[in-house]
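Since the structure comes first, as structure tokens, the remarks are kept for the end.
Just so you know, ligand 1 is whichever comes first in the structure, and atom 1 is the first atom listed for that ligand.
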Amino acid sequence: MSDTERMPRVRTYLMCPPEHFTVEYAINPWMDTTVPVDAALAVKQWELLRTTLIDLGHTVHLLDPVVGLPDMVYAANGAFSVDGRVYGARFRYPQRAAEAVAHRGFYRSWQFADPEHVNEGEGDFAYLPGAHGGLILAGYGFRTEPSAHAEAQEVLGRPVVSLRLVDPAFYHLDTALAALDDHNITYYPEAFSPSARRVLAQLFPDAVIADRADAEAFGLNLVSDGRHVILNTEALAMGEKVRAAGYTPVHVELTELKRGGGSVKCAVAELRA
Ligand code: ARG
């Protein structure tokens with residue numbers, strides 16, 4: 001139990017409405033093209049996530065959804081920004097490739113770097129401004145290429161720690177690890193290689209440790225403002241874990257987005273100007 005009061009920091013986010021959301025291809029183990037998605041419900045649930053963030057005092061910008069890009073609702077994958085600089089995404093699968101172009105259009109007034117290497121934005125990158133003066137955690141193994149980690153470090157000028165993901169169910173870093181505030185994280189150790197686990201234990205001795213059930217409930221796919229931790233309704237046990245660490249869990253229902261293999265964090269990109 002923590003006795004320090006957790007202070008929220010006002011954030012700016014980018015989201016994309018799931019108007020054209022379907023599961024028409026399967027590029028991760030959660031996607032089942034035989035189970036229909038309730039598109040109207042997806043929009044309703046997404047809208048509640050958006051208003052939850054706004055009600056907490058945050059700003060949410062919107063990206064126009066594009067017909068034929070059903071995964072565009074997972075806005076976290078489109079880029080990764082730190083200190084006003086943006087490292088663009090380059091998707092692993094051709095079905096999502098055009099999303100990078102839509103995101104690039106949004107960052108016109110930013111310092112934007114086109115990537116040479118495959119990387120899926122905030123899906124595989126997390127930033128902790130208060131850890132060692134600003135630390136980037138980066139996942140690889142399923143989507144992002146390790147060479148993109150070095151490229152991100154060159155573009156963003158912050159140290160990048162490479163972490164190997166080993167479980168296909170947790171194919172993006174943001175399905176297995178999340179920043180709770182500027183310096184601490186929560187993660188599911190078994191999603192990482194033994195060496196990556198050691199690195200995380202060394203860097204984050206106070207991390208909130210999640211278990212497989214938390215990860216399978218997409219409980220690590222959360223968005224935190226440093227105090228409020230927004231996570232889906234299935235992840236109740238995870239909510240209690242962050243509460244025990246002094247944070248305030250805020251649950252939102254996102255059953256439809258889970259059919260595409262994502263939840264809260266996948267739908268929200270943070271804009272760090
Ligand atoms: N269907 C999408 C894909 O497989 C889901 C992306 C989830 N996004 C995330 N940030 N984990 O690419």
Side-chain angles (χ1 to χ4, degrees), residues 13-37 39 42 45-46 49 63 65-66 68-81 87-100 102-103 118-127 136-145 148 152 163 165 167-179 186-188 191-192 210 214-224 230-232 234-235 254-271:
Y13 298 117
L14 179 65
M15 295 178 70
C16 178
E19 273 165 42
H20 310 298
F21 177 58
T22 58
V23 177
E24 60 187 39
Y25 51 78
I27 56 174
N28 71 58
W30 302 91
M31 299 175 88
D32 182 349
T33 55
T34 64
V35 182
V37 166
Q45 293 178 336
W46 175 91
L49 170 60
L63 200 58
V66 177
L69 296 176
D71 271 338
M72 221 178 141
V73 62
Y74 304 108
N77 300 137
F80 176 53
S81 64
Y87 178 49
R90 182 163 179 169
F91 286 82
R92 160 139 332 247
Y93 296 107
Q95 293 95 327
R96 298 195 67 188
E99 292 181 44
H103 280 264
V118 169
N119 83 87
E120 299 198 343
E122 283 201 339
D124 274 323
F125 289 106
Y127 185 55
I136 294 169
L137 301 181
Y140 72 99
F142 299 100
R143 298 292 179 90
T144 296
E145 292 291 345
L163 304 164
L165 295 160
D167 185 330
F170 310 113
Y171 57 95
H172 273 145
L173 182 71
D174 72 2
T175 64
L177 178 150
T186 177
Y187 65 103
Y188 168 51
F192 296 90
D214 298 323
E216 283 180 342
F218 275 80
L220 290 152
N221 198 246
L222 60 82
V223 167
S224 175
I230 299 105
L231 67 182
N232 78 79
E234 216 186 301
L254 283 177
T255 55
E256 296 313 291
L257 286 196
K258 193 180 182 188
R259 299 185 196 283
S263 192
V264 177
K265 173 59 210 164
C266 300
V268 179
E270 185 166 347
L271 303 174

Contact table ligand 1 N or O to protein N or O, d under 3.5 Å:
residue: ligand 1; atom: 1 (N); partner: Asp71; partner atom: OD1; Å: 3.0
residue: ligand 1; atom: 1 (N); partner: Asp71; partner atom: OD2; Å: 2.9
residue: ligand 1; atom: 1 (N); partner: Gly260; partner atom: O; Å: 2.8
residue: ligand 1; atom: 4 (O); partner: Asn28; partner atom: ND2; Å: 2.7
residue: ligand 1; atom: 4 (O); partner: Arg143; partner atom: NH2; Å: 2.8
residue: ligand 1; atom: 8 (N); partner: Asn77; partner atom: OD1; Å: 3.0
residue: ligand 1; atom: 10 (N); partner: Asn77; partner atom: ND2; Å: 3.0
residue: ligand 1; atom: 10 (N); partner: Asp174; partner atom: OD1; Å: 3.4
residue: ligand 1; atom: 10 (N); partner: Asp174; partner atom: OD2; Å: 2.6
residue: ligand 1; atom: 11 (N); partner: His172; partner atom: ND1; Å: 2.7
residue: ligand 1; atom: 11 (N); partner: Asp174; partner atom: OD1; Å: 2.8
residue: ligand 1; atom: 12 (O); partner: Arg96; partner atom: NH1; Å: 2.6
residue: ligand 1; atom: 12 (O); partner: Arg143; partner atom: NH1; Å: 2.8

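- Although no hydrogens or angles enter the test, the distance criterion places a donor-acceptor pair under 3.5 Å between the side chain of Ser81 and the main chain of Glu270.
- Among residues two or more places apart in sequence or in another chain, the ring-ring contact (aromatic ring centres under 6.0 Å, His included) test is passed with Phe91 by none.
- The only member of Asn77, Thr144, Val118 that meets side-chain contact (heavy atoms from CB on, under 4.5 Å) when paired with Asp124 is Thr144.
- With sequence neighbours excluded, the residues satisfying side chain to side chain contact (heavy atoms under 4.5 Å, CB included) with Thr186 are Ala178, Leu180, Val208, Ala210, Leu220, Leu222, Met238.
- By the side-chain hydrogen bond (donor to acceptor under 3.5 Å, both in side chains) test, Tyr187 pairs with no residue at all, sequence neighbours left out.
- Using the six-membered ring where Trp is involved, Phe170 and Trp30 have ring planes that are tilted, between 30° and 60° apart.
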